[in-house]
A.B. asks: 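Once you've had a glance at the structure underneath, I'll fire off some questions.
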Amino acid sequence: MSALGLALPMTVPAPGLPARVRIHEVGARDGLQNEKATVPTEVKAEFIRRLADAGLTTIEATSFVHPKWVPQLADAEQLFPQVSDLSVDLPVLVPNERGLDRALALGARRVAVFASATESFAKANLNRTVDEALAMFEPVVARAKADGVHVRGYLSMCFGDPWEGPVPAAQVVRVCTALLDLGCDELSLGDTIGVATPGQVTALLTALSAEGVPTEALGVHFHDTYGQALANTLAALQYGVSTVDASAGGLGGCPYAKSATGNLATEDLVWMLHGLGIDTGVDLGRLVATSEWMADRLGRPSPSRTVRALSHKE
Ligand code: HMG
Ligand code: MG
């Protein structure tokens, strides 16, 4: 129960917002890639099943990256077949053709490449310059598209970078345009270290739009280091964005950017969206129960305010 004795928020719509938001759930990938202890494959599979049962329809399952770079997700080959019967979209990260081969061999129908707006993070995360990484993605996107596979293009460090400081919008515009030119179906703008504030979000979306990047193709991906993720999301919704990345229970981070903390918690997002009368298809009670279940597996409480407020364990 919430402080008002409610299990759901009161609904008061606000003007100028989308009627429906598609939540791109990243807890099983972005969340678990950053855990110190490796989570057993069966626990990951059950986590994904519970997320689907809670009404999430896009659940990023894992990454087909080099297992030495992200050992936490080295079980991608074992995990994916355990969840591929679910009738939800299960995107997976693929950095290169080797990753694509592995994903396609298991029947993945949605993949994501992941670029960086900054040279420092491109090097740290992909061992490439920004342009070398784009060249690495080119055949990945071309082959996926030829196979009818949906491609998402992530773009990290869109606002601030731990090595380079504030990131000029022009850098973000350039790489976004390049990813769309490669053939990506959608893009996700990452605030990898969670430093953005709402005015910066609006400014970046305005700059992208001015350069011909369609807002409909954009999703947002906010980490919550400074508690700004929800405010930044509202700014993006007001601009017309209707795809929002979030992770159940606020799990998350990036092993190659130490200042990255958890993503926007899906529960906190759902509480706000439902309060605004925006449809998500998510059953908040089931989602909270799932994050509590996962918190038990991980041995520590969820950082999500909404999970704590609605905790079944009082
Ligand atoms: P590299 O060391 O330059 O690799 O790493 P390489 O291309 O030189 O290949 C070296 C060896 O690795 C070869 O084997 C390849 O076959 C093998 P060898 O011939 O020596 O025996 N290899 C692979 N094996 C399995 N699967 C593969 C694969 N690729 C190569 N896919 C590489 C380059 C891209 C592979 C590496 O840097 C990597 O895996 N990086 C992934 C890092 C990562 O996953 N980071 C987290 C995700 S991004 C994120 O969290 C941000 C996001 O959430 C948005 C945001 O918050 O901003 C998306
Ligand atoms: Mg992330």
Side-chain angles (χ1 to χ4, degrees), residues 24-35 60-77 80 91-106 108 111-118 120-130 132-137 139-140 143-144 151-162 167 172 175-176 179 184 186-196 204 218-225 229 232 243-248 250-266:
H24 184 107
E25 169 60 45
V26 297
R29 193 280 303 170
D30 206 338
L32 299 186
Q33 77 180 8
N34 212 37
E35 284 300 316
E60 207 163 86
T62 186
S63 298
F64 291 90
V65 296
H66 195 296
K68 286 204 185 112
W69 281 66
V70 186
Q72 294 90 336
L73 304 184
D75 62 350
E77 260 80 11
F80 196 80
V92 293
L93 264 57
V94 295
N96 51 18
E97 286 194 271
R98 174 94 177 83
L100 181 70
D101 290 340
R102 293 171 58 202
L104 293 182
L106 295 172
V111 298
V113 293
F114 42 105
S116 170
T118 65
S120 304
F121 187 64
K123 187 74 188 158
N125 201 42
L126 294 163
N127 196 25
R128 302 282 185 282
T129 65
V130 169
E132 284 166 355
L134 289 168
M136 178 167 73
F137 302 148
V140 176
R143 283 181 48 205
V151 183
R152 161 176 264 225
Y154 275 108
L155 186 55
S156 288
M157 304 296 176
C158 288
F159 300 95
D161 173 287
V167 177
V172 181
V175 187
C176 276
L179 287 168
C184 289
E186 66 171 18
L187 303 181
S188 173
L189 305 174
D191 183 12
T192 318
I193 55 171
V195 290
L204 178 61
L218 298 176
V220 286
H221 180 107
F222 294 120
H223 286 263
D224 204 21
T225 320
N232 290 339
T243 298
V244 180
D245 299 1
S247 83
L251 296 166
C254 177
Y256 292 99
K258 288 297 167 220
S259 31
T261 58
N263 291 79
L264 168 62
T266 314

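Whatever order the structure lists them in is the order used to number ligands and atoms, beginning at 1.
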A.B. asks: Counting only heavy atoms, which portion of Thr192 has something under 4.0 Å from ligand 1: side chain, backbone, both, or neither?
C.D. replies: both

A.B. asks: Which atoms of ligand 1 are found less than 4.0 Å from any heavy atom of Ser156?
C.D. replies: 51 (C), 54 (C), 55 (C), 57 (O)

A.B. asks: Find all atoms of ligand 1 within a distance of less than 4.0 Å from any non-hydrogen atom belonging to His223, and give their numbers and elements.
C.D. replies: 56 (O)

A.B. asks: Restricting to N, O or S, what is the name of the atom of His221 that lies nearest the Mg ion (ligand 2)?
C.D. replies: NE2

A.B. asks: Run Leu187 and Leu155 through side chain to side chain contact (heavy atoms under 4.5 Å, CB included) and show every step you take.
C.D. replies: CA-CA 7 Å; Leu187 303 181; Leu155 186 55; over 6 Å; no

A.B. asks: Just how far is it from atom CG of Leu251 to atom CD of Glu35, taken to the nearest 0.5 Å?
C.D. replies: 6.0 Å

A.B. asks: So how far is it from Ile193 CD1 to Phe159 CZ, rounded to the nearest 0.5 Å?
C.D. replies: 11.5 Å

A.B. asks: Between the side chain of His223 and the main-chain N/O of Thr225, is any donor-acceptor distance below 3.5 Å?
C.D. replies: no

A.B. asks: Sequence neighbours left out, what passes side-chain hydrogen bond (donor to acceptor under 3.5 Å, both in side chains) with Ser63? Give chain and number order.
C.D. replies: none

A.B. asks: Which is closest to atom 26 (N) of ligand 1 by heavy-atom distance: Arg102, Glu132, His66?
C.D. replies: Arg102

A.B. asks: Just go through Phe114, Trp69, Phe159 and tell me whose heavy atom is the nearest to atom 36 (C) of ligand 1.
C.D. replies: Trp69

A.B. asks: Hey, does the Lys NZ or Arg CZ of Arg29 hover above the aromatic six-ring of Phe114, less than 6.0 Å from the centre and inside 45° of the axis?
C.D. replies: no

A.B. asks: Applying side-chain hydrogen bond (donor to acceptor under 3.5 Å, both in side chains), can you list everything that pairs with Asp245, at least two apart in sequence or on another chain?
C.D. replies: Arg152, Ser188, His221

A.B. asks: Would you mind listing which atoms of ligand 1 come within a distance below 4.0 Å of any non-hydrogen atom of Gly99?
C.D. replies: 31 (N)

A.B. asks: Measure across Leu73 and Leu32 and return the closest heavy-atom pair with its distance rounded to 0.1 Å.
C.D. replies: CD2-C, 4.4 Å

A.B. asks: Is Arg128 close to ligand 1, meaning an N/O of one under 3.5 Å from an N/O of the other?
C.D. replies: yes

A.B. asks: Check each of Leu155, Asn263, Val65, Asn125 against atom 40 (N) of ligand 1 and report the one with the nearest heavy atom.
C.D. replies: Asn125

A.B. asks: Please confirm if an N, O or S atom belonging to Asp30, backbone or side chain, lies less than 2.8 Å from the Mg ion (ligand 2).
C.D. replies: yes

A.B. asks: For atom 44 (O) of ligand 1, tell me which residue out of Asn127, Val70, Val140, Leu126 has the closest non-hydrogen atom.
C.D. replies: Val70

A.B. asks: Where's the contact between Pro95 and ligand 1, heavy-atom distance under 4.0 Å: side chain, backbone, both or neither?
C.D. replies: side chain

A.B. asks: Rounded to the nearest 0.5 Å, how far does CG of Asn232 lie from CZ of Phe222?
C.D. replies: 4.5 Å

A.B. asks: Which ligand 1 atoms are under 4.0 Å away from a heavy-atom of Phe64?
C.D. replies: 27 (C), 31 (N)

